[in-house]
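All values derive from a computational prediction rather than experimental measurement.
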Amino acid sequence: MNPSKTAVIADSGCDVPQMFRDKYDIRLLPFHIIYPERDYLDSVDIDPRMIYKRFPDEFPSTSTPSISEVNDVIDKVLEDGYERAIFVCISHNFSGTFNAVRLASSERDDIEIFAFDSLNISLCAGLYAIWAAKRLAEGCSFDEVVGDLPEKRKDGNIFFYMDTLKYLQRGGRIGKLSGSVGSLLRLKPIISCDPEGVYYTAGLIRGERLGKKKLMEIVVNFARGRKAWVIVGEGNAHLEALEFEGLLKANLPDAEFLTRKQITASLAVNTGPGLIGVGILLDP
């Protein structure tokens with residue numbers, strides 16, 4: 001437990017790697033992934049590979065944690081001796097988790113809670129959780145960390161490309177026209193999050209090789225030679241991610257590569273197979 005007795009809790013869409021959840025005791029608030037046979041908990045009892053295996057015939061639905069589930073997590077951290085909590089959530093534009101946490105927090109007077117809307121998703125949101133947990137472990141106070149987190153948003157982002165836009169389109173994440181154009185012209189989009197926490201297309205390229213090159217250029221330009229934390233993510237594309245990580249390391253000598261991971265199941269539902277992505281946080 002950190003000196004300020006502050007728990008860090010991340011929803012499963014933040015994609016915090018297990019090694020950092022264990023190292024800093026980052027708690028999980030899981031999304032639901034619903035198939036006809038049962039309701040699974042993201043990052044708890046479902047393997048993302050199952051999602052890919054059941055594509056394209058089966059598309060599960062997803063749902064956010066309930067207020068009751070948020071309260072269950074709060075009760076557990078109190079039971080474990082924590083006195084404060086920081087919830088890190090993916091953008092409110094992608095999920096209702098941030099609002100559920102705010103509502104649950106407003107009804108509690110037994111713990112001090114800060115709900116952080118990362119205005120991002122997946123590996124970038126996860127990096128904010130790791131950053132907060134590390135600072136707390138190093139002795140920073142609750143007030144210091146929650147005071148700095150909003151400003152830290154400008155230093156982080158995620159960039160990724162996929163084989164097709166149809167999964168984002170199916171989930172209502174992009175306009176139909178963009179999805180149709182991408183499919184028609186066989187273009188691969190490079191997608192990121194804007195300052196309002198909404199997906200935007202950072203670039204369109206034709207072909208896998210050009211996609212990796214353009215993705216690398218965008219990430220290197222974002223880093224601008226500064227110190228950075230980097231996590232490489234993949235959606236059922238292990239060998240491609242491994243190759244891309246090697247190229248990226250050669251072009252980001254000042255970056256610390258924390259790990260490489262398969263994205264979580266709830267994100268796999270909305271992005272499909274063939275994703276390569278990078279979460280990056282500057283000046284960590």
Side-chain angles (χ1 to χ4, degrees), residues 10 13-21 23-24 26 88 90-91 118-135 137-138 148-163 188-195 197 199-264 267 271 274-284:
C14 294
D15 236 328
V16 178
Q18 185 67 51
M19 61 188 292
F20 291 102
R21 286 167 51 192
K23 181 176 181 178
Y24 295 116
I26 298 173
V88 179
I90 65 171
S91 173
S118 69
L119 298 180
N120 219 292
I121 196 167
S122 188
L123 304 173
C124 178
L127 284 168
Y128 294 134
I130 296 169
W131 180 85
K134 182 175 184 293
R135 291 197 70 201
E138 292 171 343
D148 290 343
L149 262 173
E151 181 67 15
K152 201 65 188 166
R153 287 194 192 103
K154 65 178 175 51
D155 291 330
N157 217 329
I158 188 168
F159 305 93
F160 62 94
Y161 80 84
M162 303 162 293
D163 281 340
K188 295 180 185 293
I190 294 177
I191 293 174
S192 185
C193 289
D194 68 16
Y199 283 146
Y200 77 96
T201 301
L204 283 171
I205 64 278
R206 190 188 303 273
E208 181 179 339
R209 183 172 297 277
L210 288 177
K212 290 178 182 176
K213 181 180 178 181
K214 184 65 174 177
L215 179 60
M216 184 176 66
E217 289 175 356
I218 290 173
V219 174
V220 169
N221 183 61
F222 180 78
R224 298 185 301 277
R226 292 161 65 182
K227 300 288 186 182
W229 281 349
V230 175
I231 299 178
V232 174
E234 50 109 348
N236 202 34
H238 178 71
L239 293 179
E240 293 87 346
L242 187 63
E243 177 188 359
F244 180 73
E245 183 183 39
L247 294 172
L248 201 56
K249 284 181 176 179
N251 285 274
L252 286 177
D254 294 321
E256 180 182 355
F257 284 72
L258 302 188
T259 190
R260 183 184 64 256
K261 77 180 296 290
Q262 160 67 50
I263 60 171
T264 192
L267 300 173
T271 56
L275 176 145
I276 302 293
V278 181
I280 183 167
L281 183 66
L282 306 178
D283 302 325

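Contacts of Tyr128 classified as ring-ring contact (aromatic ring centres under 6.0 Å, His included), with partners at least two apart in sequence or in another chain: Phe116. Under the salt bridge (charged side-chain N to carboxylate O under 4.0 Å, His left out) criterion, Asp283 pairs with Arg226, sequence neighbours left out. A search for ring-ring contact (aromatic ring centres under 6.0 Å, His included) contacts involving Phe20 returns nothing, not counting sequence neighbours. Applying the side-chain contact (heavy atoms from CB on, under 4.5 Å) rule to Lys23 yields no partners; only residues at least two apart in sequence or on another chain are considered. With sequence neighbours excluded, the residues forming a side-chain hydrogen bond (donor to acceptor under 3.5 Å, both in side chains) with Asn120 are Asn157, listed by chain and number. Under the side-chain hydrogen bond (donor to acceptor under 3.5 Å, both in side chains) criterion, Glu151 pairs with no residue at all, not counting sequence neighbours. Legend: residues meeting side-chain hydrogen bond (donor to acceptor under 3.5 Å, both in side chains) with Asp194, ordered by chain and number and at least two apart, are absent. By the side-chain hydrogen bond (donor to acceptor under 3.5 Å, both in side chains) test, Arg153 is found to be paired with no residue, residues two or more places apart in sequence or in another chain being considered. Here Ala241 pairs with Val232, Glu234, Arg260, Ile276 under the side-chain contact (heavy atoms from CB on, under 4.5 Å) rule; sequence neighbours left out. With sequence neighbours left out, Ala129 forms a side-chain contact (heavy atoms from CB on, under 4.5 Å) with Val8, Ala10, Val16, Val88.
For the atom pair NZ (Lys213) and CG (Leu215), the distance works out to 13.5 Å, reported to the nearest 0.5 Å. Note that CG of Leu123 is 12.0 Å distant from CZ of Phe159, once rounded to the nearest 0.5 Å. Here NZ of Lys227 is found 4.5 Å from CG of Asp254. Values are rounded to the nearest 0.5 Å. Between atom NZ of residue Lys212 and atom CD of residue Glu240 there is a gap of 5.5 Å, rounded to the nearest 0.5 Å. Interatomic distance, Ile231 CD1 to Ile280 CD1, rounded to the nearest 0.5 Å: 11.0 Å. Interatomic distance, Met19 CE to Thr259 OG1, rounded to the nearest 0.5 Å: 5.5 Å.
Residue pairs meeting the ring pair (Phe, Tyr, Trp, His ring centres under 6.0 Å) criterion with at least one partner in residues 223-256, sequence neighbours excluded, do not occur; the list is empty. Identified under the salt bridge (charged side-chain N to carboxylate O under 4.0 Å, His left out) test for residues 121-135, with sequence neighbours left out: Lys134-Glu138, Arg135-Asp148.
Between Ile90 and Cys14, some side-chain heavy-atom pair lies under the 4.5 Å cut-off.
For the pair Lys249 and Phe257, the cation-pi criterion (under 6.0 Å, within 45° of the ring axis) is fulfilled.
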